[in-house]
Amino acid sequence: MSIFHSTLSFFLFLFFTVDVTHASTLCNATEQPTPLLLFLEKLQETALTTFGNSSFDPKAYIDVSLKLDLAETIDAFDKLPKSKNGSVSIHDFEEFSNKFLNEAGTDLLYHEPEDFMPEPAEFLPNVKNAEVRKWAVEVHWLWRNLCRRVADGVREHPELHTLLPLPKPMIIPGSRFIEVYYWDSYWSIRGLLVSKMYETAKSIVYNLISLIDEYGHVLNGARAYYSNRSQPPLLSAMVMEIYNRTNDLELVNRSHSLHWLKNTSFGIQDNEGCNHTLARYFAKWNKPRPESSTTDKESASKLLNVEKQQFYREVASTAESGWDFSTRWMRNHSDVTTLSTTSILPVDLNAYILKIEIDIASLARTTGQNSVAEEFSNASQARRKAIQSIFWNDQKGQWLDYWFTNSSICEDVHPWEAQNQNQNEFASNFIPVWLELFESDNITVKRVMESLANSGLLCAAGIATSLSNSGQQWDFPNGWAPLQHMIVEGLARSGSKEARAMAEDIAVKWLKTNYAAYTKTGTMHEKYDVEACGAVGGGGEYIPQTGFGWTNGVVLAFLEEFGWPEHRSIDC
């Protein structure tokens, strides 16, 4: 048996073993924090009471590393004089920090990517406008700013760090996000491929595979406190994109775990009596997120203990979705404690898993493993049918998330009910058009185009995440690069001239707002306010971030796809 066949068989075993896990098994699943995390959460709480809320970022205190062993550090910390509310003097806190703690980020080192070229050969040949080309080259240069490697000390003394000892260089998102993240990495890779930085792109994949080898799944990010959850599963998509550019079979052979290895599957029966298996987000965690412990405790302060545990699980599961946070997951849009993510079958998650099946089938065909290809092709057709049966709403021309009632969430099979589809408008309702099984269906593409045009989500500067202006960052008026890219790419590849024109119009608006903000601020941003060209996004539980990995990647991907004519203005 070839290496490729054996690794695909390994994936097949894991993937479908997960699929038959009963929902009831999940209801009490959880993990426990490590002693280091427990101490750093205490440090985080003390910092908040000492310095106050102004400019306080809880993540900065969970990302520090220790200079001395944990027991000695805890002993010194416990001896600090504390007031009744738990605060210490600023002098004492800073003196303790200087002696026992390294600042967050010091265990990551800048790395000069070996495959970086100032302007690669054949770089964006269809960008004819000199102003846009200059900007594109500057965005390309940002990969050097975002490239890191783990310091040797992390491998030598992992017990002193929350950072995980990844083996290869990486691209970080930027600002407070000073570690590699799972789904961010897909769009960083898309940009790296435009920049002809193939080895850096492969390094990202190998790092994510190392997390599977250690933890059984790709973590949300490369920190010890993320071990209880993952993120949208796009590893197979990363491998496919790199393989399509490089024909690197060694990468394919080493990617033996392109799976969504989490016990998250759920049985649901449609109106025709057919049983389907679909997935939901479900973090193995019922405590405050360590990186946001003080924030989560404050949000849960008025809940009973049992309610707090469920709320903490919902918060972690929402973080796993990548959409942290949004009214998409809330029963009451004005109350974050009504998060119910574990009670939802999300459209986009199941589309990503469908893409896994499509990708594996494609890779198997490439290497002549026809029986494996057929198996995964059949699995993808079954999931496509499930997505159409459970999520598609013909009246709206969208795929809608499906909600369960609290009483039914631990049932093994749930009967489908029309009223359980979430009728609200979200950008995620259009994500399946990204997949070839849907983009090749002209009737569906036309219906989706009409629905998107009438949804209210299309704005002056891109696609809004939702229509609810809740103050949460994955709601109106924010637009995010990944959502723009998936919808635009799906429409552009559909074969419909009208769909491609719509896609290009959205991409041009998005590029203009990115450029306008860049010229004003000198940075690329995590998210944008799509109501106005050049406006930066806001809301959420931390200040807006810059850098920014996936934004840079989508800019380069759009410019590669659509180019930029010489006489088209980039101004708003």
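Values below: all heavy atoms of this structure, side chains included; hydrogens, waters and symmetry mates excluded. Predicted, not measured: the structure shown is a model, and the values here were computed from it. Residue numbers count from 1 along this sequence.
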Exercise. Looking at Trp480 versus Phe548, is the centre-to-centre ring distance below 6.0 Å?
Worked result: no
Problem set entry | Whether Thr162 side chain and Ile62 backbone form a donor-acceptor pair below 3.5 Å | yes
For this session: May I ask you to check whether over 12 heavy atoms, not counting those of Glu103, lie within 6.0 Å of atom CD?
Result: no
Exercise. Under a 4.5 Å cut-off applied to non-hydrogen side-chain atoms, are Phe391 and Asp401 in contact?
Worked result: no
Exercise. Can you name the residues that form a side-chain hydrogen bond (donor to acceptor under 3.5 Å, both in side chains) with Gln545, not counting sequence neighbours?
Worked result: none
For this session: Check whether any side-chain heavy atom of Leu66 lies under 4.5 Å from a side-chain heavy atom of Asn102, and answer yes or no.
Result: no
Exercise. How far does CD1 of Ile390 sit from CG of Leu400, to the nearest 0.5 angstrom?
Worked result: 12.0 Å
Exercise. For the ring pair Phe39 and Phe77, is the centre-to-centre distance below 6.0 Å?
Worked result: yes
For this session: Step through the shown structure and confirm whether more than 12 heavy atoms of other residues, nucleotides or ligands are within 6.0 Å of CD on Glu298.
Result: no
For this session: Return the minimal non-hydrogen interatomic distance between Pro477 and Asp529, and the atom names on each side.
Result: CB-OD1, 3.3 Å
Seminar exercise, completed: Which of Leu208, Thr200, Leu108 passes side-chain contact (heavy atoms from CB on, under 4.5 Å) with Met170? It is Leu108
For this session: Might you point out which heavy atoms bring Ser326 and Leu339 nearest each other, and give the distance in Å?
Result: O-CD2, 4.5 Å
Exercise. Passes side-chain contact (heavy atoms from CB on, under 4.5 Å), Arg229 versus Lys284? Steps please.
Worked result: CA-CA 7 Å; Arg229 66 183 193 254; Lys284 295 182 178 180; over 6 Å; no
For this session: Examine the side chains of Asp475 and Ser470 and answer whether a donor and an acceptor come within less than 3.5 Å of each other.
Result: yes
Seminar exercise, completed: Scanning both residues in full, the closest heavy-atom pair of Ser65 with Thr106 reads OG-OG1, 4.4 Å
Problem set entry | Audit row: Trp143, Tyr110, ring-ring contact (aromatic ring centres under 6.0 Å, His included) steps and yes/no | CA-CA 11 Å; Trp143 299 130; Tyr110 280 94; over 10 Å; no
For this session: Provide the closest heavy-atom pair for Ala427 versus Ile463 in the form atom of the first, atom of the second, distance.
Result: CB-CG2, 4.2 Å
Exercise. Taking side chain as C-beta onward, heavy atoms only, is Asn424 less than 4.5 Å from Ser466?
Worked result: no
For this session: Using atom types as modelled and distance alone, determine if a side-chain donor or acceptor of Arg280 lies under 3.5 Å from a backbone N or O of Thr342.
Result: yes
Exercise. Hey, mind stepping through Tyr528 and Trp510 against ring-ring contact (aromatic ring centres under 6.0 Å, His included) and telling me if it holds?
Worked result: CA-CA 9 Å; Tyr528 295 85; Trp510 184 253; 5.3 Å; yes
Exercise. When rounded to the nearest 0.5 angstrom, what distance separates CG in Asn420 from NE2 in His414?
Worked result: 5.0 Å
Exercise. Looking at Trp323, is Arg328 sitting on its ring face, NZ or CZ under 6.0 Å from the six-membered ring centre and within 45 degrees of the normal?
Worked result: yes
Problem set entry | Main-chain N/O of Asn207 paired with Ser210 side-chain donor or acceptor, under 3.5 Å | yes
Exercise. With a 4.5 Å limit on heavy-atom distance, are the side chains of Leu43 and Val64 in contact?
Worked result: yes
For this session: Taking the side chain as every heavy atom from C-beta outward, state whether Val218 and Gln231 have any atom pair closer than 4.5 Å.
Result: no
For this session: Could you tell me whether the side chain of Glu307 and the main chain of Leu304 form a donor-acceptor pair under 3.5 Å?
Result: yes
Seminar exercise, completed: Rounded to the nearest 0.5 angstrom, the CG-OG distance for Leu219 and Ser230 is 7.0 Å
Exercise. So, Thr50 side chain and Ala47 main chain: donor-acceptor pair closer than 3.5 Å or not?
Worked result: no
For this session: Give the intermediate values and the outcome of side-chain contact (heavy atoms from CB on, under 4.5 Å) for residues Phe93 and Ser97.
Result: CA-CA 6 Å; Phe93 191 94; Ser97 297; 3.5 Å; yes
For this session: Look only at the side chain of Ser340 and the backbone of Ser343, and say whether a donor-acceptor pair between them is shorter than 3.5 Å.
Result: no
Exercise. When you measure from the side chain of Lys202 to the backbone N and O of Val239, does any donor-acceptor pair fall under 3.5 Å?
Worked result: no
Exercise. Can we call the ring centroids of Tyr542 and Phe177 under 6.0 Å apart?
Worked result: yes
Exercise. Rounded to the nearest 0.5 Å, how far apart are CD1 of Ile189 and CE of Met238?
Worked result: 5.0 Å
Exercise. Among side-chain atoms of Glu541 and Gln473, is any donor-acceptor pair under 3.5 angstrom?
Worked result: no
Exercise. Does the ring of Tyr225 carry Arg289 above it, NZ/CZ under 6.0 angstrom from centre and within 45° of its axis?
Worked result: no
Exercise. Does the Ser175 side chain pair with the main chain of Thr546, one donor and one acceptor, at a distance under 3.5 Å?
Worked result: yes
Exercise. Mind checking whether Tyr402 and Phe404 have parallel, tilted or perpendicular rings, split at 30° and 60°?
Worked result: perpendicular
For this session: Mind telling me whether Trp550 and Trp183 have parallel, tilted or perpendicular rings, with 30° and 60° as the class edges?
Result: perpendicular
Problem set entry | Neighbour count above 12 (heavy atom, 6.0 Å) for Lys520 NZ | yes
Problem set entry | Distance (rounded to the nearest 0.5 Å) between Leu48 CG and Lys297 NZ | 10.5 Å
Exercise. Do you know which two heavy atoms are closest between Gln44 and Ser292, and how far apart they sit?
Worked result: OE1-C, 4.1 Å
Exercise. Closest heavy-atom contact between Leu80 and Asp92?
Worked result: CD2-O, 4.1 Å
For this session: Assess the side chains of Tyr226 and Tyr181: does a donor N or O sit below 3.5 Å from an acceptor N or O?
Result: yes
Problem set entry | Approximate separation, where rounding is to 0.5 Å, of Ile172 CD1 and Glu179 CD | 8.0 Å
Exercise. Can a donor-acceptor pair be found between the side chains of Ser83 and Ser87 at a distance below 3.5 Å?
Worked result: yes
Exercise. Do the ring planes of Phe51 and Tyr61 sit parallel (below 30°), tilted (30 to 60°) or perpendicular (above 60°)?
Worked result: parallel
For this session: Identify, with sequence neighbours excluded, every residue that meets side-chain hydrogen bond (donor to acceptor under 3.5 Å, both in side chains) alongside Thr295.
Result: none
Exercise. Given the rule in the side-chain contact (heavy atoms from CB on, under 4.5 Å) test, do Met524 and Val139 qualify, once you have shown the distances and angles that lead to the verdict?
Worked result: CA-CA 8 Å; Met524 300 293 289; Val139 172; 4.3 Å; yes
For this session: Determine, stepwise, if the pair Tyr182 / Leu235 fulfils side-chain contact (heavy atoms from CB on, under 4.5 Å).
Result: CA-CA 8 Å; Tyr182 185 2; Leu235 180 55; 3.5 Å; yes
Exercise. Under 6.0 Å from the NZ atom of Lys42, do we count more than 12 heavy atoms belonging to anything else shown?
Worked result: no
For this session: Taking the side chain as every heavy atom from C-beta outward, state whether Arg176 and Asp57 have any pair of such atoms under 4.5 Å apart.
Result: yes
For this session: Side-chain contact test, heavy atoms from C-beta onward, threshold under 4.5 Å: evaluate it for Asn286 versus Gln310 and give yes or no.
Result: no
Problem set entry | Charged N-O contact under 4.0 Å between Arg223 and Glu291 | no
Exercise. Please walk me through it: do Glu425 and Ser455 pass side chain to side chain donor-acceptor pair (under 3.5 Å)?
Worked result: CA-CA 7 Å; Glu425 306 283 348; Ser455 67; 4.7 Å; no
Exercise. Is the closest side-chain heavy-atom distance between Tyr281 and Pro232 below 4.5 Å?
Worked result: yes
